[in-house]
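Notes follow the structure.
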Amino acid sequence: CPALPGTEFADVTVETYPLGTRLYYECDSGYARRSGQYLGIRCQSIQQVASWVYKEFECIDEKILLSTAPTMELDFTQKPERKTQSPAPQKQENLSEFDQRDFCGPPKTIPHASLSLNTQYYVGQVLHFKCQSGYDKRPPTSGTRRCRKVNGKIIWTSLDMRCTNDS
């Protein structure tokens, strides 16, 4: 899709990602991944349903990571909540059957990590816009844009909202 047109005073969120999308987590400040672990995820078709494929990784407090005390390391890796982290609810019940085959929902949240921003968008992808706090004087205050192919040309649909701080 072409570069996303600028939208003043609005935050953008993405709730669906097409097959083949790769996203990367970044550990928060003060945390680091274990050596050799991979922070990337990929949207793939698994039994005809688009699903995120995760490699096992965790972001660990750098003080613990640098520690040479084996008991601290052992205690940390045995915390059960790290292994049983439940995935973020995938909003796939709202997706059509077509979308469930071709688009993954939001990736799960990982403790002490955030997703690096994805700036590449694909045909069929929908972006959600919401006015930032203090800039929502005129309704509607949220809207969507979809990347579509129209007459062989790839375009963004128009956004039917405007965020302003005018009184």
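These numbers were taken from a predicted model, which means no experiment stands behind them.
Residue I155 is not grouped with residue L127 when hydrophobic side chains (ILVMFWY) are merged at heavy-atom distances under 4.5 angstrom, including chains of intermediate members. In the hydrophobic clustering of ILVMFWY residues, with side-chain heavy atoms under 4.5 Å counting as a link, L4 and M161 come out together. Cluster membership check: Y121 shares its hydrophobic cluster with L115, using side-chain heavy-atom separations under 4.5 Å among Ile, Leu, Val, Met, Phe, Trp and Tyr. With hydrophobic clusters built from ILVMFWY side chains whose heavy atoms lie under 4.5 angstrom apart, L19 does not share a cluster with V14. Hydrophobic cluster membership differs between V126 and W156, with clusters built from Ile, Leu, Val, Met, Phe, Trp and Tyr side chains linked at under 4.5 angstrom.
Separating the OG atom in S142 from the NE2 atom in H128 is a distance of 10.0 Å, to the nearest 0.5 Å. Between the SG atom of C104 and the CD atom of E15 there is a distance of 14.0 Å, given to the nearest 0.5 Å. The distance from the CZ atom of R146 to the OG1 atom of T16 is 7.5 Å, given to the nearest 0.5 Å. We find the CD-CG distance between Q120 and L23 to be 10.5 Å, quoted to the nearest 0.5 Å. Between atom OG of residue S51 and atom CD of residue Q44 there is a gap of 9.0 Å, rounded to the nearest 0.5 Å. Between the OH atom in Y25 and the CG atom in D28 there is a gap of 12.0 Å [rounded to 0.5 Å].
Minimum heavy-atom separation, S116 to E26: CB-OE2, 3.2 Å. Closest non-hydrogen pair, W52 versus I41, comes out as CE3-CD1, 3.6 Å. For the residue pair A32 and C27, the shortest heavy atom distance occurs at C-SG, 3.7 Å.
Residues E58 and R34 are paired through a salt bridge, judged by an N-O separation under 4.0 Å between the basic side chain and the carboxylate.
Y122 has its ring centre no less than 6.0 Å from the ring centre of Y17.
Counting heavy atoms from C-beta outward, Q47 and V49 have side chains that stay 4.5 Å or more apart. Between I46 and V53 the shortest side-chain heavy-atom distance falls below 4.5 Å. Side-chain contact between T13 and F129 is absent, with no heavy atoms from C-beta onward closer than 4.5 Å.
Among F57, Y24, Y54, the single residue meeting the side-chain contact (heavy atoms from CB on, under 4.5 Å) criterion with Y38 is Y24.
A donor-acceptor pair is defined here as one N or O able to donate and one able to accept, closer than 3.5 Å; no such pair exists between the side chain of N151 and the backbone of K153.
Taking the six-membered ring where the residue is Trp, H112 and Y31 present parallel rings, their angle staying beneath 30° rather than reaching 60°.
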